[in-house]
Amino acid sequence: MSDEIYSLRMRSSAGGEHLSGAERLVDRSQLEMVSLELLRRGLVHSRGQAEELRLAVDLIPADSLCEVTLPELSTWLVPDVATGRQAAVEVLVAAGVDRYASQQAIESLAAGASPSGSSMRGAMLINARTGQRLESDPFRGVRVSRMDLADDQRTPLQEQLVPLGLDNSHVQEALVLAAKVIAAPGIVAELCWSDDPDYTAGYVAAPALGYIRFPLLKNAGDTRGGRAFFVDLDKVELSELITYLEQTPVLATRLGLCNPPRLWSERA
Ligand code: AMP
């Protein structure tokens, strides 16, 4: 990337409801083309047509860019949502999250983690030992921003995802977001499932385990989804973590392996 890097952030909504959002880090030469791509993407979404669209463009110092590797992707096939959620708890516990804190997070996402009972725009921050919620605004949560995949890694990543039937923007963008999150100081694990009613998959990501997908973490038609970031408060100051998640530009310049799916019932 050149010395002039721009952060592009798009958000669109209709009737006050969030429709779509996307994040990119681009060179000056790509700025106009990628802005147009994001405009098109934000205007029309499977959930409807946008009434409001915000595109933020910020020049960021190239020397502040951190490089990370995408996590290794694995998929555990589960027969139903209940098994998917139990499996997610087991993986969170293996990553170092307290069992009660894991179960609480799953229950919060299932109920709609915002105090209004809907999905949050950002993520919950959760004490990995106690399960205590740490974000100052429980309606909004913490939004991870300023991350992207390096251009020369797009085709190689697609080549790995196509044979697995996973070449879609959900997986690609979640891998990049998870790469930034699990590279953060003090992060023990991330839990996510989508608020998109047509997308039932979710994942747990953790520094030592990679990105573990479960095709069923919620029922089709459910618009409640969200993210939880589990934090070890002995390892990081909360303000430092939030600044990293929101502000530090992170580019994924290397790929992890993408593994074929395995049956959860047959795990060793
Ligand atoms: P998505 O995977 O885009 O359907 O997002 C699922 C949920 O993750 C959303 O409902 C939000 O609660 C949360 N989320 C989405 N984008 C971000 C982000 N950039 N940072 C933190 N949380 C997010």
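One-based numbering, in listed order, for ligands and for the atoms of each.
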shortest atom 2 (O) of ligand 1-to-protein heavy-atom contact is with R227 NH1, 3.5 Å
Going by the 4.0 angstrom heavy-atom rule, the piece of E173 near ligand 1 is neither
shortest atom 4 (O) of ligand 1-to-protein heavy-atom contact is with S194 OG, 2.7 Å
Rounding to 0.5 Å, atoms CZ (R267) and CG (L77) come to a distance of 13.0 Å
Ligand 1 atoms nearer than 4.0 angstrom to some heavy atom of L177 are 18 (C), 19 (N)
min-distance protein heavy atom vs atom 7 (C) of ligand 1 -> G226 CA, 3.5 Å
Here the gap from Y211 atom OH to L177 atom CG, rounded to the nearest 0.5 Å, amounts to 9.5 Å
Check: Any side-chain heavy atom of Q172 within less than 4.5 Å of one from L149?
Finding: no
Practice task
Would you check whether G122 reaches within less than 4.0 Å of ligand 1, judged by its heavy atoms?
Solution key: yes
Quiz item: Is the closest side-chain donor-acceptor distance between S7 and E23 under 3.5 Å?
Solution: no
Of all protein heavy atoms, the one nearest atom 20 (N) of ligand 1 is V144 N, 2.8 Å
Near D195 (heavy-atom distance under 4.0 Å), the atoms of ligand 1 are 4 (O), 6 (C), 9 (C), 10 (O)
request  = Could you tell me whether W193 and ligand 1 have an N or O pair separated by under 3.5 Å?
outcome  = no
Less than 4.5 Å apart, side chain to side chain, heavy atoms only: is that true for L175 and P71? yes
CZ (R11) and CG (L38) are apart, to the nearest 0.5 Å, by 14.0 Å
Ranked by distance from atom 16 (N) of ligand 1, the top protein heavy atom is R143 NH1, 3.3 Å
Check: Any nitrogen or oxygen of C192, main chain or side chain, under 3.5 Å from a nitrogen or oxygen of ligand 1?
Finding: no
The atoms of ligand 1 lying under 4.0 Å from a heavy atom of V142, numbered in the order shown, are 20 (N), 21 (C), 22 (N)
>> Tell me whether D148 is salt-bridged to R154, with the criterion being a basic N under 4.0 Å from an acidic carboxylate O.
In response: yes
Between the NZ atom in K235 and the CD atom in E240, the distance rounded to the nearest 0.5 Å is 13.0 Å
Among E190, M120, E23, E246, the residue with a heavy atom nearest to atom 12 (O) of ligand 1 is M120
Checking side-chain polar atoms at under 3.5 Å, does Y6 have a donor or acceptor matched by the opposite partner on Q30?
no
